[in-house]
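First the proteins, then the strands, lettered A, B, ... as listed; each starts at 1. Side chains included, hydrogens not; waters and symmetry mates left out as well; all remaining heavy atoms used.
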Amino acid sequence: MKKVMVVDDSATVRQQVGAALAQAGFEVVEAVDGVDGAEKIEAMTDLALVVCDVNMPRLNGIEMLERIKGGGKRAQLPVVMLTTEGQPELIQRAKKAGAKGWIVKPFKAHLLVAAAKKLTAS
Amino acid sequence: MSIVSFTEAALEGGVVSESEPVCDDRDRQEESAVSQDEYSERIAELEEALTLAQGREAELLEDNNRLLREIEVLKEAGPVARDEVEIASMANLLRGHALTAFEALEHRVHSAADVSEKAVLEVGECVTSIVDDARKQLVETQRVQDEVGQGSAFSQAIDAHTHAVRSFVATVTKQLNEQRQSAKLALRSTEQVAKAGSQIDEIAQESRILNLNARIEAAHLGDAGKAFAVIAGEMGKLSGSIASANNMIGDLTETLLRELPRFLEQVEQILDLQHKFGEELAHGLAELGEAEAHLRLTVGESVELGQERVDNILRTSQEALSALSFQDPMKQHLDQIPVQGALLLNTVPEMLKTIDPNAEGHVYRPFVDDYGGKSLLTPEEPVVEQEEDGEDAAEAGELLLF
């Protein structure tokens with residue numbers, strides 16, 4: 001069973017994303033902000049995907065992405081941003097930092113699951 | 001002495017006015033009479049005072065004209081000035097009310113966000129629980145299918161017992177048939193033995209007759225026939241023994257001829273019963289097979305229907321989760337209300353200062369999630385103007401894969 005991490009400061013988002021992915025057969029772990037997410041990502045070696053919010057306290061999603069992609073051990077880990085933001089400059093920044101996808105909230109569960117399956121297929 | 005009091009005194013002292021007659025009181029005239037010098041001095045003072053008064057009159061006239069000009073100016077600019085004051089006053093009043101209202105709104109916004117978050121979490125747990133129960137039920141149904149399906153222990157047991165019963169019935173039938181054949185063979189043999197016994201009986205009868213004739217002849221022969229008589233006698237005994245054995249055989253064959261048909265009849269009856277049992281067994285096994293097949297089909301249909309319903313539940317739960325995902329963006333939008341209100345409220349002091357430099361400069365700071373001052377796009381930041389060839393913002397629910 002492939003493991004996915006959900007990083008979001010909203011309990012409802014963690015629940016909804018976790019439930020959607022769990023029903024699709026994924027094992028889900030959670031982090032409550034960018035710092036928590038970065039630490040757990042570094043500690044876990046069996047993650048197949050990260051779904052991450054952008055606006056979070058302590059460390060936002062794009063900064064967390066830049067940190068884990070910046071030559072770390074998890075540089076190849078696919079990351080999808082899940083956020084209310086949709087501005088092109090933010091999307092480009094995330095893409096440049098190594099994100100594999102961008103989903104705008106409120107999200108469609110079937111699209112999220114399809115993206116997760118595609119990005120973890122390899 | 002003032003001009004007025006001097007003038008009054010002069011009039012009372014008899015100074016001739018244009019219309020007033022000289023005072024008739026000579027004592028007062030004598031007392032208040034002024035000398036020519038003093039009169040000239042008074043006139044000089046009056047003239048000086050008049051000059052001063054004329055100067056003041058000019059100043060007053062100038063002030064009057066200035067005031068008139070200012071009045072004219074105010075008349076022209078009067079409404080604006082009046083409005084500025086009123087605006088400043090109203091703005092302060094409005095700001096006070098707005099501040100109170102926004103503080104209350106901020107509290108209600110956070111309360112609404114908390115309530116909606118709790119409600120959404122509870123609904124999400126219910127949805128997850130429903131899906132889990134549906135999956136468990138499907139697993140149970142599939143377990144039943146495995147228990148009664150092809151190759152299952154239940155199916156194999158039925159097949160094995162059915163085969164065993166059929167084999168047993170076939171074996172019994174076969175043995176009964178063999179017994180029937182044996183009985184028929186025994187009956188035929190017995191009949192042949194009976195025939196042979198009849199023949200032996202005839203032979204024995206002829207032997208007795210022959211023995212009697214031999215004894216008669218032996219008697220005719222006298223002593224020469226004694227040996228012959230002995231032989232005849234022995235042959236007579238032998239014939240008797242043969243007849244006796246033949247009678248015994250006859251009794252046995254008679255018994256066999258009586259019992260074997262009855263046995264054969266019973267074997268036929270058993271075979272008939274066996275045949276009926278076999279038919280009923282085959283019919284029962286066929287019905288059992290049909291029931292098993294029907295059960296397997298029913299369970300299979302139930303599993304298939306259950307899987308379809310679970311798929312529907314999963315799909316509906318995904319739609320429910322998608323619908324519930326409104327809460328987080330809603331909360332973020334609600335959080336912006338106090339922030340935007342703060343922007344509005346905090347611009348009012350700046351506006352007021354243009355009217356009243358001493359206007360209150362208190363800044364309203366609503367409570368919002370602290371993103372460490374590192375929010376990528378804060379309300380204070382200007383909206384980035386898109387380039388003419390720039391991309392449009394991603395819409396809600398949109399998925400982009402890079």
inquiry  = To the nearest 0.5 Å, what is the distance between NZ on A:Lys95 and CZ on B:Phe402?
reply    = 6.5 Å
request  = Can you measure from NZ (A:Lys100) to CG (B:Leu400) and round to the nearest 0.5 angstrom?
outcome  = 14.5 Å
task = Supply the atom-to-atom distance B:Glu398 CD to A:Ile103 CD1, rounded to the nearest 0.5 angstrom.
result = 11.0 Å
inquiry  = If I take atom CG from residue B:Leu321 and atom CG from residue A:Leu21, how far apart are they, to the nearest 0.5 angstrom?
reply    = 10.0 Å
query = Nearest heavy-atom pair of A:Val104 and B:Ala396: which atoms, and what distance?
reply = CG1-CA, 3.6 Å
request  = Counting only heavy atoms closer than 4.5 Å, note whether B:Glu125 contacts chain A via side chain, backbone, both or neither.
outcome  = both
ask   = For atom CD of B:Gln307, is the number of surrounding heavy atoms from other residues, nucleotides or ligands below 6.0 Å larger than 12?
value = yes
message = Nearest 0.5 angstrom please: A:Thr12 OG1 to B:Glu117 CD, how far?
response = 5.5 Å
task = Considering only heavy atoms and a distance below 4.5 Å, find which of B:Ser116, B:Ala323, B:Ser317, B:Ala320 pairs most often with chain A.
result = B:Ser317
remark   = Minimal heavy-atom distance between A:Pro106 and B:Ser325, with the atoms involved, is CB-OG, 3.1 Å
task = Under 4.5 Å heavy-atom distance to chain A, tell me which part of B:Val120 shows up: side chain, backbone, both or neither.
result = both
key: Nearest heavy atoms of B:Leu401 and A:Ala115, plus distance in Å   = CD2-CB, 4.2 Å
task = Let me know if B:Arg315 has heavy atoms under 4.5 Å from chain A in its side chain, its backbone, both or neither.
result = neither
key: Separation between CG of B:Leu314 and CD of A:Gln23, rounded to the nearest 0.5 Å   = 5.5 Å
Region of A:Ala99 that comes under 4.5 Å of a non-hydrogen atom in chain B = both
task = Might you work through the side chain to side chain contact (heavy atoms under 4.5 Å, CB included) test for A:Lys108 and B:Gln318, ending with a clear yes or no?
result = CA-CA 8 Å; A:Lys108 302 290 185 189; B:Gln318 285 190 346; over 6 Å; no
note = Minimal heavy-atom distance between B:Leu121 and A:Gln15, with the atoms involved, is O-NE2, 2.7 Å
Heavy-atom proximity to chain B below 4.5 Å, by part of A:Val17 = neither
